[in-house]
Amino acid sequence: MNSRGCKSKMNKTIGVLTLSFAMVLSLLSPSSMAAAKSPKLSKSKMNVSVGKTVTLKLKNVSRKAKVKWTSKAKNIAKVVKSTKKSAKIKGVKAGKATIKVTYKLGKKSKTLSCKVVVKGKSTVKVTPSPSPIPSISETATPNTSVPSNIPDISSSPNVPEPAYKWVTTWGTAEEKCDATDSAMPKMALTNTTVRQIIRVTTGGNKLRLRLSNQYGKSDVEIQSLHFAKQIKADASTIDVSTDTAVTVNGEEEFIIPKGKVILTDEIEFPVDALENIAVSIYFGAAPVDNITGHRGARATTYQVSGNQVSEEKFSSAKTTTSWFFLADVSMWSPEDSRAVVCFGDSITDGYGTDATYLGKKPDSYTRWIDYFAKRLQENEGTKHVSLINEGIGANSILGSYPTDAGKDRFARDLLEHDGVEYCIILFGVNDITNLKETSKYNLLIPEYKKMIQLCHDHGIKVYGAPILPFGTSDSYTEPSEQVRTMINDWMRSEDSGVDGIIDFESAVADPANPKNILEKYAHEDGLHPYDGYSAMADAIDLSMFE
């Protein structure tokens, strides 16, 4: 055979092989091809300057995979935002750190790592002026205790200064409220002092307050605002030795503009975890409607005439169980501190913990979040984890009663706080009561997905809590139970994208009839676990927050 014939035959053979290979490729779906590739990081080493961020990408990511980004040295380089496919890494101080990503697909798991070198001088300091973490000798007086979880570093000159940051230690969900004789507050705010009680969930030395007038149609004039420790949980009495003025831009008199949220100046105020703080406000001009507050404080608020912010005890005070203009309190906390947003409705808000017909009263601090806060403090690995209660009674995901719909307030309630790294979603029962058919499921799932995605877009782990049963409630129907089951099954599936499940449902359900809450918890209500909040808190795996 001549060379031309040989060459022609070879070309035909190559053509057939090429065509066959192309046909095989055409039979493979894009997902099948992607699945054949192993995930890998865009870089194995990278540099970043102090205070700057760089992006690390994860390639060949399956849609069904679960991805977790972590830093083994958060005080040097930390993950500030992450998705399945990328993470933003911020340099905190000079040094070396390792960023790890755990990739799980089905039963297979793989961990990849990237070495990060942070260059430059550290911008995070413990002691800006005034010192955020004063030594014990500076803060201790005969009447002021120093929280046990704040170390004395004054005698250790060779120990590197630890990093600190602002982390919200208490918060509530803002609502629009009106002042009436039978509602909140009991009398007009102008020229009165209102003493409101909050309970911090972690301890520290330095605080700042976020105030909200977002629903207001007019400014709120604050003539004076003071912090002090409450002596007894159900009384207006304060420890006057702890009385401390709170300012904004150095001024004790300030305004919360209509439609706005403001931050106060930071104050030195040593407080232990689970201690009560009295927030006493003397009002100048203030609205009588469109008041930004929260109805379900489950703690007594005291109101008297005139300026009495520093009075030890109020006499002849009018009382209510609501908060006004308070959004959250943040604490100057160690770098490994983190906050949990607990998002939900009346069950998270603590409905029933002050039910008089069961002999219960306000100021009991017996919501599931209160029990959860105690457990966190009893566990060494979670002492720096704080809780923010973003529950609103009667609220639903799709409906705006009695305030913004859950789908519309979620971004605010998740992102307006400091140091949030976790979110628990126990929400949706008010959307599915009294149903006559099951189409509501198709409206709710997209909203859950948006919430979960927003958490992940901001590097926040989100834990789903399946909706509790309500089979003995007046609001129960068979279609309601079908939708509840469908939502809970979806939430437990990989398709939901949640980072874990907190099974409150099993903690309170009647084993003999799981569509009901145990009668000893819900009594004749059938929907709210009045005496089951402790069981709910006990069902939480604390390792999910370590």
Side-chain angles (χ1 to χ4, degrees), residues 39-61 65-103 110-128 132 160-168 208 210 263 266 330-341 384-386 388 410-412 414-423 450-462 497 499 545:
K40 64 178 181 178
L41 289 172
S42 57
K43 295 181 180 180
S44 59
K45 294 181 181 180
M46 60 197 315
N47 297 331
V48 62
S49 299
V50 171
K52 301 295 183 180
T53 59
V54 291
T55 300
L56 182 60
K57 295 181 179 180
L58 182 62
K59 299 179 178 181
N60 306 327
V61 178
K66 292 187 177 181
V67 177
K68 178 182 178 182
W69 298 85
T70 57
S71 171
K72 290 300 182 182
K74 293 181 181 179
N75 62 326
I76 295 174
K78 64 179 180 179
V79 179
V80 294
K81 183 179 179 181
S82 66
T83 65
K84 278 188 178 183
K85 296 183 178 181
S86 67
K88 287 189 178 296
I89 314 301
K90 183 176 182 179
V92 178
K93 68 177 183 179
K96 295 181 180 180
T98 300
I99 302 298
K100 292 191 174 184
V101 57
T102 302
Y103 182 95
K110 184 175 184 179
T111 300
L112 306 170
S113 60
C114 174
K115 301 291 184 182
V116 178
V117 177
V118 181
K119 298 181 178 181
K121 295 182 178 180
S122 176
T123 58
V124 180
K125 298 180 179 179
V126 177
T127 56
E161 291 181 343
Y164 280 75
K165 64 183 180 182
W166 288 106
V167 179
T168 298
R208 69 183 184 189
R210 184 175 274 106
L263 273 175
E266 56 206 41
S330 287
M331 183 174 291
W332 191 243
S333 307
E335 182 70 18
D336 62 347
S337 301
R338 47 210 179 271
V340 185
V341 165
H384 290 318
V385 176
S386 57
I388 307 166
F410 182 71
R412 176 201 70 184
L414 180 75
L415 303 176
E416 79 170 348
H417 308 292
D418 299 311
V420 175
E421 293 191 20
Y422 304 97
C423 178
K450 291 176 188 176
M451 295 180 196
I452 292 164
Q453 186 61 51
L454 186 66
C455 289
H456 289 161
D457 287 346
H458 289 82
I460 297 169
K461 283 187 177 181
V462 55
D499 296 294
F545 302 92

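Throughout, numbering of the chain's residues begins at 1 and tracks the sequence.
In terms of heavy atoms, S71 sits closest to I99 at CB-CD1, 3.7 Å. Residues V116 and A77 approach most closely at CG1-CB, 4.2 Å, considering heavy atoms. Closest approach of G497 and I452 over heavy atoms only: O-CG2, 3.8 Å. The minimum heavy-atom distance between A94 and V50, with the atom names listed, is N-CG2, 3.7 Å. Contact record, T98 with S113: CG2-CB, 3.8 Å, taken as the closest heavy-atom pair. When all heavy atoms are compared, the tightest approach of K78 to V92 is CG-CG2, 4.0 Å.
Side-chain polar atoms of S86 and T55 form no donor-acceptor pair below 3.5 angstrom.
For W166, the ring-ring contact (aromatic ring centres under 6.0 Å, His included) test picks out W332, with sequence neighbours left out. With sequence neighbours left out, the side chain to side chain contact (heavy atoms under 4.5 Å, CB included) criterion links S49 to K52. In this structure E421 satisfies the side chain to side chain contact (heavy atoms under 4.5 Å, CB included) test together with K74, K165, R338, sequence neighbours excluded. When the side chain to side chain contact (heavy atoms under 4.5 Å, CB included) test is applied to S82, the partners found at least two apart in sequence or on another chain are W69, V79, A87. The salt bridge (Lys or Arg N to Asp or Glu O under 4.0 Å) search around R208 returns D418, not counting sequence neighbours. Considering only residues two or more places apart in sequence or on other chains, D457 meets the side chain to side chain donor-acceptor pair (under 3.5 Å) condition with Q453. The side chain to side chain contact (heavy atoms under 4.5 Å, CB included) test applied to K461 returns K68, Y422, Y463, D499, not counting sequence neighbours.
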Exercise. Assess whether side-chain contact (heavy atoms from CB on, under 4.5 Å) is satisfied between V80 and K88, documenting all intermediate values.
Key: CA-CA 6 Å; V80 294; K88 287 189 178 296; 3.9 Å; yes
Practice problem: Evaluate side-chain contact (heavy atoms from CB on, under 4.5 Å) for K110 paired with L112, printing each intermediate quantity in order. | Solution: CA-CA 7 Å; K110 184 175 184 179; L112 306 170; 3.6 Å; yes
Exercise. Run the numbers on V67 and K84 for side-chain contact (heavy atoms from CB on, under 4.5 Å), then give the verdict.
Key: CA-CA 5 Å; V67 177; K84 278 188 178 183; 4.3 Å; yes
Self-check item: Worked check of side-chain contact (heavy atoms from CB on, under 4.5 Å) between V341 and H417
Solution: CA-CA 9 Å; V341 165; H417 308 292; 4.2 Å; yes
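Proximity of N47 to K119: side-chain heavy atoms (C-beta onward) are separated by under 4.5 Å at one or more points. When side chains are defined from C-beta on, C455 counts as touching L414, because their heavy atoms get closer than 4.5 Å. Within the 4.5 Å cutoff, the side chain of V385 has no heavy atoms near those of the S337 side chain. No side-chain heavy atom of V420 sits less than 4.5 Å from a side-chain heavy atom of T168. Proximity of I76 to K93: side-chain heavy atoms (C-beta onward) are separated by under 4.5 Å at one or more points. Side-chain contact check for L58 versus Y103: some heavy-atom pair is nearer than 4.5 Å. Looking at heavy atoms from C-beta onward, S386 lies out of side-chain contact with M331 at the 4.5 angstrom threshold.
In the displayed structure, K100 atom NZ is contacted under 6.0 Å by at most 12 heavy atoms of other residues, nucleotides or ligands.
Without hydrogens or angle criteria, K85 side chain to V61 main chain gives no donor-acceptor distance under 3.5 Å. Checking side-chain atoms of T102 against main-chain N and O of T111 turns up no donor-acceptor pair under 3.5 Å.
The salt bridge (charged side-chain N to carboxylate O under 4.0 Å, His left out) contacts involving residues 39-48 comprise nothing, where partners must be two or more places apart or lie in separate chains.
Here the NE2 atom belonging to H458 is positioned 12.0 Å from the OG1 atom belonging to T83, to the nearest 0.5 angstrom. Once rounded to the nearest 0.5 Å, the distance linking CD1 of I460 with NZ of K81 reads 10.5 Å.
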